[in-house]
Asker: 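After the structure tokens below, expect a handful of questions from me.
Just so it is clear, the values below take in all heavy atoms, side chains as well, and ignore hydrogens, waters and symmetry mates. Predicted model, so just to flag it, every value in this text is computed and none were measured.
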Amino acid sequence: MGLAQAEYYIAPIDECYKLVGLIRTNWRGLSGGAAVWTEIGRFFLELRSKADPVGGEANA
């Protein structure tokens, strides 16, 4: 089983607070539960759709 390739984003501070807010409101138990991971995935799908890809080194 291989590791997923890392992705890096430079995001506005309001997007960072949005992520923290959704984690705080959806986290349940020790591992967060299925709902929080679904929301985190949805957050990054939306962020990825708004991102402008930039060339550069493969590993930062």
Asker: So, using salt bridge (charged side-chain N to carboxylate O under 4.0 Å, His left out) as the criterion, who are the partners of Glu46 when residues are at least two apart?
Answerer: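 For Glu46, the residues satisfying salt bridge (charged side-chain N to carboxylate O under 4.0 Å, His left out) (neighbours in sequence not counted) are Lys18, Lys50.
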
Asker: Going by side chain to side chain contact (heavy atoms under 4.5 Å, CB included), name the residues that satisfy it together with Pro53, two or more places apart in sequence or in a different chain.
Answerer: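 Per chain and number, Pro53 pairs via side chain to side chain contact (heavy atoms under 4.5 Å, CB included) with no residue.
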
Asker: Suppose the criterion is salt bridge (Lys or Arg N to Asp or Glu O under 4.0 Å): which pairs have a residue in residues 19-28, not counting sequence neighbours?
Answerer: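 Checked against salt bridge (Lys or Arg N to Asp or Glu O under 4.0 Å) - neighbours excluded - no pair reaches residues 19-28.
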
Asker: What residues, two or more places apart in sequence or in another chain, satisfy side chain to side chain contact (heavy atoms under 4.5 Å, CB included) together with Ile13?
Answerer: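 Expected list: Cys16, Tyr17.
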
Asker: Using links of under 4.5 Å between side-chain heavy atoms of ILVMFWY residues, direct or through other members, which residues join Tyr9 in one cluster?
Answerer: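 Grouped by the 4.5 Å side-chain rule, Leu19, Leu22, Ile23, Trp27, Val36, Trp37, Ile40, Phe43, Phe44, Leu47 form the rest of the cluster around Tyr9.
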
